[in-house]
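Here the structure comes first, spelled out in structure tokens, and everything after it is commentary.
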Amino acid sequence: MHALSKQFRLSRIADLVEAKILRTRFAPSPTGYLHVGGARTALYNYLVTQKAKKDGLGEFILRIEDTDEERNRDEWTKGIIESLKWLGIDWDLGPFFQSQRLDLYKESADRLFQNELSYWCDCTREEIDRRNKENSRPPGYDRFCRDRGLDQAPGRVLRFMVPSEGKTTVNDVIRGEVVVENRVIEDFAIMKANNAPLFVLANTIDDIDMEITHVIRGEEHLPNTPKVILLWQALHGKLDSAADSQRALPTFAHLPLLVNEQRQKLSKRRDKVAVEDYRDQGILPEAMVNYLALLGWGPGNDREFLNLQEMIELFDLTKVNLAPAFFDEKKLAHFNGTYIRDLDIDRFTLEARPWLSYPKATWAESDFDLTIWSQVAPLIKERVATFSEIPPMAGFFFLNDVPMDPDAWNKAVAGNEFSLDVLERSLEYYQKCEWDTQVLHLGLSNIADTIGKKLGKIQAPLRVAITGRTVGPPLFESMCILGRGKVVNRIGLAIERVKTGYSPTEPNQSKELEN
RNA sequence: GGCCCCAUCGUCUAGUGGCCUAGGACACUACCCUCUCAAGGUAGAGACACGGGUUCGAAUCCCGUUGGGGCUGCCA
């Protein structure tokens, strides 16, 4: 795939205009996991191109912006790609790596210099700050080296010569016109001293070279869009062939930021943002994509549940919201629960697989029983919002030593005056009754009548004795699946514990350490 | 500090000058269903930030205020 990078050059401009192609790109930097904001950006880029495909031509490019050697790591690139695939966001071309295209940026930078559109600068950050302070100027580059005629040399950066007059207008499909006076734009650096291009240069050159028609990205990029436009014009107007210079700027679309509860931009340092983390927690990709799509956009008609195909059909970039959106894990979980309940049982088991064994499961591999699981799965499927809820809910089916929740025991058994009575009568009945859900149910109903309590009250001590918790899948189905032996044993154990004043502490974690 | 963006229930949103007594969803409360928990059902509470215009009429258009956010690197 690297081989393609260098020779990226698609069809002729004229053909493209004729064909009305719409081309977007998602350009992550591999300095961390794919985060939810990036995922949404990728999704929107994907949606518009896939829709364009239906009426003509659309192409979605994946471009890895790995020009900063210090920060990039191959594993991040891999992770980002895997996460995109997991979400079902597929690209038509790429991935292209900027690190494979450095010559291109170098050439363009040289041409900018030769045409006196950029200059070399040897100021250090400290010097710039000091001068600004002395002249009580705001931070930013003071154009100190603009007329010094410096040549390239070690320690020098190349700066773009921003016109001091006029204004630059960003035409944004979702925000309208954003006008910035050129004089407030500093002469920004475009090449580092080590000959590597800076983001704004490489990004602009690639968007030109790859003939991107729509630049769809986060709002944090809006402030440097005027720089992109200035660069674009410099590269086109004075440097390129006549054909290329006719090319219009791409259409820009700056998406509202995804924010945390404090309404700050989601950051990987302080917020949970990695798509992978949500996957590991048991979120389904289709739920994630669906939820993400709704952050900043809605199809109208009070509709919320959409699959990718429907999104492609309905998505409209011009109707994207302008205000930042809070990423609400609760609502995501709700979506996920709905998607899980819609799964057929085979897919449910397939997706649940990681939570059925070590390290996510609380039981050992040897304790797992597929026959039991296949009976249990339908009961569990209706009751979890994420897969990570499976181990605590289903543990009692597989574990020999069922962890006892102290609160449950204290409330429903130890602190309950009729619990011993219930357990003893249950034991007697369940030792010899027919082993059938209906019969198991009937037996406890009868005991409830005898004691003069509601079944709802009576089931609590029995449930805790058998499952270790007050909540869980339906009790009689569970008992039926578990079998007489285990049920009777657990009731017996509970009776003994009541009599000996058993007091559970924290759930027993020692088993896990042995694995 | 400078530049820029934004503003409908707590949250995500519908709404593009009359259909708005502002709709839906999550979360919340109550009730129903019920062997627990979920799910489901019913009901409830809950918003157009503020002030000026424009207009017969404004959540919707304009201006200002306030509040929030982003950017301000030899990061992307």
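Chain letters run A, B, ... following the sequence lines, proteins first, then strands; residues in each count from 1.
- Under the Watson-Crick or G-U wobble criterion, with both distances below 3.5 Å, C50(B) is paired with G64(B).
- Between the side chain of Arg383(A) and the base of C37(B), a donor-acceptor pair under 3.5 Å is found.
- Comparing the same atom, C1', in A59(B) and in C19(B) gives a spacing of 15 Å after rounding to whole Å.
- Between Lys227(A) and the phosphate of C71(B), there is no side-chain N or O to OP1/OP2 separation shorter than 4.0 Å.
- For A14(B), one of the phosphate oxygens OP1 or OP2 lies less than 4.0 angstrom from a side-chain nitrogen or oxygen of Asn321(A).
- A sub-4.0 Å separation between OP1 or OP2 of C75(B) and a side-chain N or O of Thr31(A) is absent.
- OP1 or OP2 of C12(B) has at least one side-chain nitrogen or oxygen of Arg263(A) nearer than 4.0 Å.
- Between U21(B) and C48(B), the two P atoms lie 15 Å apart (nearest whole Å).
- Aromatic rings of His35(A) and Tyr278(A) (six-membered ring for Trp) have centroids beyond the 6.0 Å cut-off, not under it.
- Residue contacts for Thr467(A): at a heavy-atom cut-off of 4.0 Å it reaches no nucleic acid atom on any strand shown.
- If you check every strand for non-hydrogen atoms under 4.0 Å, Pro139(A) touches a base.
- When heavy atoms are screened at a 4.0 angstrom cut-off, Glu477(A) is found touching base atoms of the nucleic acid.
- The side chain of Arg159(A) places an N or O atom within less than 4.0 Å of a non-bridging phosphate oxygen (OP1 or OP2) of C74(B).
- Judged by distance alone, with hydrogens and angles left aside, Lys331(A) brings no side-chain donor or acceptor close enough to the base of A27(B) to form a pair under 3.5 Å.
- The side chain of Asp328(A) lies closest to U11(B), out of U13(B), U11(B), G40(B).
- Across all strands shown, Arg156(A) has no heavy atoms under 4.0 Å from either base or sugar-phosphate atoms.
- Taking the nucleotide of RNA chain B with the nearest heavy atom to each of Ile128(A) and Pro138(A), the more 5' of the two is matched to Pro138(A).
- For Leu295(A), the listed nucleotide lying nearest its side chain is C12(B); candidates were C12(B), C35(B), G73(B).
- Between Lys319(A) and G15(B) there is a side-chain polar atom (N or O) within less than 4.0 angstrom of OP1 or OP2.
- Within the 4.0 angstrom heavy-atom criterion, base atoms lie near Pro473(A).
- Looking at heavy-atom distances under 4.0 Å, Ala323(A) makes contact with sugar-phosphate atoms alone, never a base.
- The nucleotide whose nearest atom lies closest to any side-chain atom of Lys330(A) is, among C4(B), A27(B), A76(B), A27(B).
- Residues Tyr291(A) and Phe305(A) place their aromatic rings such that the two centres sit no closer than 6.0 Å.
- Separating the C1' atom of C62(B) from that of U55(B) is a span of 12 Å, rounded to the nearest Å.
- Nearest to the side chain of Glu219(A), among A39(B), C5(B), A76(B), sits C5(B).
- Checking the phosphate oxygens (OP1, OP2) of G73(B), a side-chain nitrogen or oxygen of Arg125(A) falls inside 4.0 Å.
- Using the Watson-Crick or G-U wobble rule with both distances under 3.5 Å, G1(B) pairs with U72(B).
- Nucleotides U66(B) and A30(B) are separated by 42 Å at their P atoms, to the nearest Å.
- Pair assignment for U21(B): none, as no Watson-Crick or G-U wobble contacts are both less than 3.5 Å.
- For the pairing with Arg217(A), the side chain to side chain donor-acceptor pair (under 3.5 Å) check across Thr41(A), Asn45(A), Thr24(A), Thr225(A) returns one residue only, Thr225(A).
- A 3.5 Å limit on both hydrogen-bonding distances identifies no Watson-Crick or G-U partner for A58(B).
- Contact annotation for Phe476(A): base contact, defined as any heavy-atom pair under 4.0 Å involving a base atom.
- Nearest nucleotide to the side chain of Val178(A), out of C4(B), C74(B), C35(B): C4(B).
- For the salt bridge (charged side-chain N to carboxylate O under 4.0 Å, His left out) criterion with Asp187(A), the lone passing option out of Arg146(A), Lys227(A), Arg159(A) is Arg146(A).
- In this entry A43(B) has U29(B) as its Watson-Crick or G-U wobble partner, both defining distances falling under 3.5 Å.
- Across the C1' atoms, G53(B) and A58(B) are found 12 Å apart, a figure rounded to whole Å.
- Each of Arg303(A) and Pro474(A) has a nearest nucleotide on RNA chain B; the 5'-most of these lies closest to Arg303(A).
- Comparing A76(B), G24(B), C74(B) by their nearest atom to the side chain of Glu304(A) picks out G24(B).
- Aromatic rings of Trp91(A) and Phe26(A) (six-membered ring for Trp) have centroids beyond the 6.0 Å cut-off, not under it.
- If you check distances only, the side chain of Glu220(A) never reaches the base of C4(B) with a donor-acceptor pair under 3.5 Å.
- The pair Glu65(A)-Arg63(A) counts as a salt bridge, with a side-chain nitrogen and a carboxylate oxygen less than 4.0 angstrom apart.
- Residue Gly337(A) is out of contact with every strand shown, counting any heavy-atom pair closer than 4.0 Å.
- Classification of the Tyr33(A)-Trp76(A) ring pair by plane angle, with boundaries at 30° and 60°, yields perpendicular.
- Note on Asn203(A): nothing from the nucleic acid sits closer than 4.0 angstrom, heavy atoms only.
- The C1' atoms of C61(B) and U54(B) are separated by 8 Å, rounded to the nearest whole Å.
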